[in-house]
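Taking it in order: structure first as C-alpha cells, then the write-up.
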Amino acid sequence: WEPHFKMPKHNNVIPNGHFHKHWDRNVRTWFDQPAGKKRRRNTRIAKAKAIAPRPVAGPLRPAVRAQTIRYNTKLRAGRGFTLQELKAAGVNRKYAQSVGVAV
C-alpha cells in the first residue's frame, strides 16, 4: 500500500482547518464603488462651480528653477508671483488673489 500524499514530519498539528466557518467576516464587497465614483465627480463639479473663476487645482504659481546644482535642471512650482511681475502684467495684487493667482 502506497499513500498518495506525504505525512508531515515532526510533531506538528495535522492541518484540517474548517475554513468555511464564518467566511463572510473576511470578505469586503465594493458594490458601492460606482456610487462613490459618481458622488466624487459631483462634488468636484460643485466645487468648481462654487469657486468659479479660480482654478480648481489651487492657485496659479510661477514656474521656477530649484536652487542647488542637483535640482536646478528641474522646473517646479514657485510660491507666487512678485509684485513687480504683477505690475508688469498690469494686474492688481488684490484682483490677482481674488481670481486664483498666488502672490
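Side chains included, hydrogens not; waters and symmetry mates left out as well; all remaining heavy atoms used.
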Under the side chain to side chain contact (heavy atoms under 4.5 Å, CB included) test, residues paired with R76 that sit two or more places apart
V64, A66
Around atom CD1 of I51, are there more than 12 heavy atoms from other residues, nucleotides or ligands closer than 6.0 Å?
yes
I want to check something: taking the side chain as every heavy atom from C-beta on, are N72 and Q67 in contact at a cut-off of under 4.5 Å?
no
Tell me if the CG atom of N11 is crowded by more than 12 foreign heavy atoms within 6.0 Å.
no
Taking all non-hydrogen atoms of both residues, which atom of P62 and which atom of G80 are closest, and how far apart?
CG-O, 3.4 Å
In the hydrophobic clustering that connects Ile, Leu, Val, Met, Phe, Trp and Tyr at side-chain heavy-atom distances below 4.5 Å, which members other than I45 occupy its cluster, ordered by chain and number?
none
Please report the closest heavy-atom contact between F81 and L60, naming both atoms and the distance.
CE1-O, 3.9 Å
For R40, give me all partners under side chain to side chain contact (heavy atoms under 4.5 Å, CB included), at least two apart in sequence or on another chain.
K37, R44
Provide the closest heavy-atom pair for V56 versus K47 in the form atom of the first, atom of the second, distance.
O-NZ, 4.2 Å
Just distance, no hydrogens or angles: give the donor-acceptor pairs under 3.5 Å from side chains in residues 89-103, sequence neighbours left out.
from	atom 1	to	atom 2	distance (Å)
S98	OG	Y95	O	2.7

Linking directly or through intermediates, with side-chain heavy atoms under 4.5 Å: list the remaining ILVMFWY members grouped with Y71, chain and number order.
none
Residues joined to W30 in its hydrophobic cluster, side chain to side chain under 4.5 Å directly or through other members, sorted by chain and number, are none
